[in-house]
Protein chains: 2
Amino acid sequence: MALDLNLQNSELSADERATLAEMRTRCAKRILMCTSLASSGHPGGSLSTLDMLLVTYGAVKHKPNDSRWAGRDRVVMSIGHVSPGVYSVLTENGYFTEEDFLTGFRRAGSGFPGHVERIVPGVEWDGGNLGQGLSTAVGMAQSFKMQGTDQKVICFMGDGEQQKGQIAEAMRYGNKYNLDNLIVIVDRNNLQICGTTDEIMPIDICGLFEVAGWNVLKLDDGHDTNKFFKTFRAAYTGDVAKSGKPTMIEAKTVMAKGISFMEDLSKYHGSPLNPAQLDAAMQELGVENDFAKWAELRKEVVKTNTRLENVVRYPEIKVGEAITYDGKTDCRSAYGNALHSLAVENNVNGVIKIAGISCDLEGSVKMGDFHKHSPAAYFETGIQEHHAASMGSAISREGIACFFSTFGVFAVSEVYNQNRIADINETNFKVVATHCGLDVGEDGPTHQGIDYIGLMSNYFRFNVYIPSDPNQTDRVIREATVQSGNVFVGMGRSKMEMVQAEDGSPFFGGDYTFTPGKGDWVRKGSAGTIITCGAVTPNVMEAHQILKDQGIDVGVLIMASIIPIDGDAILEAAKTGVVLTVEDHHVDTGLGSIVANVMADAGVATTFKRLGVTRYGASGKPADLYAMQGLDGKSIAASFQSLV
Amino acid sequence: MALDLNLQNSELSADERATLAEMRTRCAKRILMCTSLASSGHPGGSLSTLDMLLVTYGAVKHKPNDSRWAGRDRVVMSIGHVSPGVYSVLTENGYFTEEDFLTGFRRAGSGFPGHVERIVPGVEWDGGNLGQGLSTAVGMAQSFKMQGTDQKVICFMGDGEQQKGQIAEAMRYGNKYNLDNLIVIVDRNNLQICGTTDEIMPIDICGLFEVAGWNVLKLDDGHDTNKFFKTFRAAYTGDVAKSGKPTMIEAKTVMAKGISFMEDLSKYHGSPLNPAQLDAAMQELGVENDFAKWAELRKEVVKTNTRLENVVRYPEIKVGEAITYDGKTDCRSAYGNALHSLAVENNVNGVIKIAGISCDLEGSVKMGDFHKHSPAAYFETGIQEHHAASMGSAISREGIACFFSTFGVFAVSEVYNQNRIADINETNFKVVATHCGLDVGEDGPTHQGIDYIGLMSNYFRFNVYIPSDPNQTDRVIREATVQSGNVFVGMGRSKMEMVQAEDGSPFFGGDYTFTPGKGDWVRKGSAGTIITCGAVTPNVMEAHQILKDQGIDVGVLIMASIIPIDGDAILEAAKTGVVLTVEDHHVDTGLGSIVANVMADAGVATTFKRLGVTRYGASGKPADLYAMQGLDGKSIAASFQSLV
């Protein structure tokens with residue numbers, strides 16, 4: 001049922017052109033119909049992109065009856081709002097029925113959402129936040145290069161969204177890494193929501209891609225299917241494809257093409273036709289107006305489509321041999337060593353299962369050994385964190401556990417929304433922030449991320465681990481890699497002593513296994529409990545010793561697993577009568593707040609205090625910064641004493 | 001004491017050159033000394049930028065003995081890490097003593113942090129997150145254009161940071177708004193932390209500025225003070241300055257210039273010299289090595305410099321006449337009307353006290369009337385949210401309350417880190433997200449911001465208000481404008497009924513005044529309390545009616561002021577025995593979590609349940625999405641019943 005254009009020919013045949021024209025009419029009808037039925041949606045851009053979408057799906061490798069076929073090319077819609085166009089073309093190719101689409105479009109629980117999502121067969125990625133799609137496509141193209149396949153990635157973009165800065169980052173990356181398996185199609189209709197692109201924000205799109213080193217192909221009419229076929233074919237199979245550089249096609253189009261009274265009006269970017277206008281449009285298309293029939297069908301309970309198997313492929317990972325440290329080192333070195341050891345185990349025989357990304361901080365984040373071992377799996381993006389996060393999460397859906405490391409402020413605060421899209425897409429992205437909290441020290445407040453728990457708590461699908469020493473870091477990193485799905489790991493910057501068991505041996509060494517959702521009772525005590533995680537743990541252990549010396553028997557519960565949290569252990573701690581939480585994190589949004597939620601949900605009250613960061617840190621040594629905010633050993637002990 | 005170069009001359013005099021050379025030696029010494037004393041910091045870039053900094057401070061308008069003089073030019077350091085260079089040059093100009101600087105540098109509590117901060121006399125902005133500085137400078141330049149002054153803004157940038165996409169956004173904006181009072185100096189030393197800029201991420205910096213429409217001046221030696229003076233003078237006073245376009249000077253420099261064994265090595269980006277190397281460097285400079293003396297002085301308790309008066313100027317705002325709505329409308333219309341009425345009151349006689357920014361969504365965010373009334377105070381940035389947030393907060397420190405409006409996912413999630421920098425800088429930025437929560441509806445999960453409280457809670461200086469109907473929105477917007485400082489206001493998208501008092505009149509109409517930190521008891525009840533805010537309020541009122549009809553006397557406490565929170569009202573609610581929180585927000589990070597914290601902190605337990613968003617929303621009508629997540633009136637009533 002899918003159209004299969006003959007790429008051996010340099011032009012479309014007359015038959016092919018006629019078929020495309022017929023398809024266009026049916027698709028144009030569906031675009032207008034679905035948006036009028038839903039009383040919302042984006043008809044204008046859908047009609048603008050339509051002819052190029054039809055030709056693209058006729059040319060690329062895909063299997064409508066096996067939409068997750070691993071060998072398919074990837075078509076990424078950076079303009080996720082042209083879902084009416086995409087669904088119409090996928091209908092045409094037999095991915096699903098017109099009835100499912102038209103009765104379900106933009107209805108809660110249906111399989112046809114307002115921005116394209118993976119639940120729709122044939123859609124690769126939940127998108128629609130403009131400016132991120134090129135990075136997503138770059139990630140997929142990079143994964144194919146890494147895996148040595150000849151698959152292509154096609155990315156449809158708008159001209160308005162070219163204003164987003166992240167696109168400049170993705171362009172540079174595509175050039176640096178010679179991604180000639182990537183084709184970008186920019187739908188140049190000159191309109192965005194509030195007016196012409198020139199009125200809103202002038203931009204020389206071709207100029208920017210040229211300066212970035214891309215092949216640029218200009219097309220004067222993106223609605224001429226034969227012209228577009230020739231241009232696309234050159235990029236897909238011709239000389240341009242062998243140039244070692246990615247290609248951008250700027251195609252001039254007309255917003256709402258094909259409906260005379262809608263054409264070239266920005267209001268139709270996001271406005272559907274009313275019934276009378278729809279009728280006129282159907283007449284112009286020469287098709288039946290069966291709006292009433294569909295409207296009637298939409299009164300029925302929405303058909304909940306079977307959710308597709310997740311499009312993400314997760315690798316099988318060997319966990320390797322845990323490393324135990326004694327004496328003093330930093331968690332980031334333990335991370336670097338664990339990552340290297342995981343690469344030695346898993347990146348073998350030319351197969352890459354683990355990749356790494358950093359942003360001009362390879363040495364600081366301790367990725368050097370990994371880089372040396374797996375040079376083909378290590379990517380230096382420069383100071384381009386937005387692109388790095390979006391690209392990394394896209395790489396991670398193609399059978400690769402992809403690590404991304406930088407400071408907390410860049411890996412979490414700066415790219416919160418890029419990681420959110422990774423969360424929505426259920427990828428296999430491993431964000432490891434090696435410099436978190438006041439422990440960042442002298443670089444001062446702009447570089448001290450004190451929000452890594454508070455931010456990650458707004459997702460639904462990221463596990464969050466904050467190890468308390470290098471030994472636990474080693475085990476946490478192994479668990480994070482083996483696990484399918486997104487994981488965040490945060491740590492302080494400084495060297496620290498290992499947490500010791502009562503017998504003086506490393507508590508998290510040897511056979512210790514990190515279990516998500518389980519806290520660790522490092523000390524049990526009858527006078528109350530200190531709950532902690534991360535870089536302040538040595539201070540808590542010092543406070544424990546101070547209190548012990550005074551005859552106060554306090555327990556210490558280490559909560560490296562923040563999400564999921566060990567609610568039972570918290571309620572057990574509450575039974576000790578006093579709970580003090582201590583963290584190198586904003587006092588209102590981290591571990592202490594989660595503990596408060598667990599207790600309040602259970603209807604449990606106890607003597608309770610949260611210690612944490614209560615104002616922006618200064619620039620200085622971490623020990624001084626901790627003392628200034630009551631997070632040094634003595635202050636923690638005094639806080640506990642004030643509660644008993 | 002400050003050097004005052006003669007801009008009447010086309011070249012530096014021999015005297016001026018000699019003075020600059022002497023200054024350079026003293027400053028180079030300080031740069032090396034302070035970083036070696038602190039055992040951390042950035043000597044390389046400081047020496048790279050040094051000559052240009054010296055000439056710039058000799059040329060621009062500033063008053064070292066009145067560092068907050070309103071008429072000064074603004075020097076913005078996008079490369080905040082070259083603080084050793086900046087503090088050295090400010091010392092040279094008499095802003096503070098060498099002793100204060102060298103004994104304080106990078107010590108907790110001192111006035112000389114590792115990245116430049118406003119607490120240092122002569123510094124404009126707490127910066128250092130690369131890529132944001134140009135937007136900050138653009139904001140200041142835009143504020144001067146708005147206010148009709150002839151002041152200039154000079155922005156020092158690195159070459160490595162040009163990789164950040166936000167810079168492309170700022171460039172485009174500077175061109176669109178003809179900011180010819182803006183001069184950017186790019187320190188082109190070709191090195192970044194991990195290697196050469198070409199190795200890390202190739203970029204054609206001049207090409208990009210040219211494509212963006214800027215004047216580009218190329219300088220082959222940024223260490224030749226006379227050459228730099230001539231170039232800078234052309235941009236500052238000459239023909240280039242009258243071109244109607246901003247100017248970028250790309251100056252070739254050498255990392256760590258002047259110390260033979262350090263030059264052109266990327267390791268000296270962020271590494272100080274050890275004592276032996278420092279001694280060699282002092283000999284090369286021909287100056288005394290008094291490291292021991294300073295090291296000794298640094299053993300003393302750090303001198304806490306008097307914190308400077310905040311550099312931010314806040315306007316005096318007239319609150320205007322509150323508007324009362326009855327019937328059904330949306331909060332964003334109430335916002336648009338309030339903003340317009342505030343403009344009518346305050347943007348008079350050619351003085352602008354209120355500005356507005358949107359990102360291609362003027363109609364959706366209801367800024368149209370404001371735009372018509374105050375065209376010179378309204379800025380359309382295109383789809384460039386990162387730039388918009390950074391620019392807006394910078395505008396807001398220059399005597400202007402600056403409003404920034406778009407969807408929650410763009411105003412909060414996408415620009416979390418830009419708003420964080422605004423928070424650190426204590427600006428007067430008013431972020432109003434007009435489309436929050438599941439109430440965004442058909443656009444689906446990528447566009448439904450359910451994290452606006454959870455994210456804003458990680459700051460220290462943003463007040464957060466979530467009004468519960470259009471009447472309360474009107475009063476909240478007026479309060480947010482009158483208030484000095486950053487404010488976030490979030491609202492749903494849909495039209496809603498007004499909250500009614502028991503007598504049927506609009507509860508938040510008429511004389512109602514919104515008070516930060518005060519909740520509103522809309523209904524009192526003995527069987528328990530529902531605490532809520534925002535778009536779900538009509539559902540809560542429906543639940544109240546359902547329960548009332550069943551003889552269950554439940555109270556309703558509306559918490560529009562989230563930060564600060566009304567702890568007393570929460571504890572009063574807890575005394576009713578049952579507390580149910582309801583919100584259109586992630587269930588773990590919003591109002592419910594804050595209520596849990598208040599109760600846990602007070603050692604209070606009660607029957608308690610949090611209702612909110614527990615998974616990503618679907619694409620559909622808000623009413624359907626609420627019903628799917630138990631947030632419709634019936635489900636809320638049933639949840640309450642299950643607790644009693």
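Letters go in sequence order (proteins before strands), and every chain restarts at 1.
The greatest number of non-hydrogen atom pairs below 4.5 Å with chain A, out of B:D360, B:N417, B:V409, is found for B:D360. Heavy-atom pairs under 4.5 Å with chain A were tallied for B:E117, B:E210, B:E442, B:R107; the largest tally goes to B:E442. When A:G603, A:A168, A:P445, A:G363 are compared by the number of non-hydrogen pairs under 4.5 Å with chain B, A:P445 comes out ahead. With respect to chain B, the highest number of heavy-atom pairs below 4.5 Å among A:T381, A:T197, A:T606 belongs to A:T381. Contact tally against chain B (heavy-atom pairs below 4.5 Å) for A:G382, A:A618, A:C194: the top residue is A:C194. Of the listed residues (B:T607, B:I203, B:L625, B:D624), the greatest number of heavy-atom pairs within a distance under 4.5 Å of chain A belongs to B:I203. The candidate from A:E199, A:R615, A:M628 with the greatest count of non-hydrogen atom pairs under 4.5 Å with chain B is A:R615. Of the residues considered (B:Y177, B:F608, B:Y616), B:Y616 shows the highest number of contacts with chain A, using heavy-atom pairs under 4.5 Å. Among B:H585, B:K621, B:E385, B:K609, the residue with the largest count of heavy-atom pairs under 4.5 Å with chain A is B:E385. Contact count against chain A (heavy-atom pairs under 4.5 Å) is highest for B:G127 among B:A38, B:G127, B:A212.
Contacts between A:T614 and chain B at a heavy-atom distance below 4.5 Å involve the backbone alone (N, CA, C, O). Contacts between A:Y173 and chain B at a heavy-atom distance below 4.5 Å involve backbone atoms as well as side-chain atoms. If you measure heavy-atom distances from B:S358 to chain A, you find no contacts under 4.5 Å at all. Heavy-atom distances place both the backbone and the side chain of B:L455 under 4.5 Å from chain A. Using a 4.5 Å cut-off between heavy atoms, A:V587 makes no contact with chain B at all. Within the 4.5 angstrom heavy-atom criterion, no atom of B:H387 approaches chain A.
A 4.5 Å side-chain heavy-atom check between A:I200 and B:Q384 finds every atom pair outside the cut-off. At least one side-chain heavy atom of B:L361 sits under 4.5 Å from a side-chain heavy atom of A:I193. Between B:L208 and A:L208 the shortest side-chain heavy-atom distance falls below 4.5 Å.
When every heavy atom of B:V604 is checked against every heavy atom of A:A605, the shortest pair comes out as C-CB, 3.7 Å. Heavy-atom minimum distance, A:H447 versus B:H115: CE1-NE2, 3.2 Å. The minimum heavy-atom distance between B:S593 and A:S593, with the atom names listed, is OG-OG, 3.3 Å. Across all non-hydrogen atoms, the minimal contact from B:A596 to A:A600 is CB-CB, 3.6 Å. Between B:H586 and A:F460, the shortest heavy-atom contact is NE2-CE2, 3.3 Å. In terms of heavy-atom proximity, B:T446 sits nearest to A:N129 at O-ND2, 3.0 Å.
Between the side chains of B:S457 and A:T589, not a single donor N or O lies within less than 3.5 Å of an accepting N or O. In this structure, a donor-acceptor pair under 3.5 Å is present between the side chains of A:Y416 and B:D451.
Checking side-chain atoms of B:R172 against main-chain N and O of A:Q163 turns up a donor-acceptor pair under 3.5 Å.
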* Show your reasoning for whether side-chain contact (heavy atoms from CB on, under 4.5 Å) applies to A:D443 and B:H42. => CA-CA 10 Å; A:D443 279 338; B:H42 301 82; 4.0 Å; yes

* To do: Output, in order, the C-alpha distance, side-chain angles, deciding distance and verdict of side-chain contact (heavy atoms from CB on, under 4.5 Å) for B:L130 and A:F410.
  => CA-CA 10 Å; B:L130 296 175; A:F410 306 123; over 6 Å; no

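The only option from A:Q166, A:K164, A:H386, A:R420 that meets the side-chain hydrogen bond (donor to acceptor under 3.5 Å, both in side chains) definition with B:E414 turns out to be A:K164.
The line from OG of B:S619 to CZ of A:F112 is 11.5 Å long, rounded to the nearest 0.5 Å.
Judged as a salt bridge (charged side-chain N to carboxylate O under 4.0 Å, His left out), and not counting sequence neighbours, B:D423 has no contacts. Listed by chain and number, the residues in a salt bridge (charged side-chain N to carboxylate O under 4.0 Å, His left out) with B:R610 are A:D601, B:D588 (sequence neighbours excluded).
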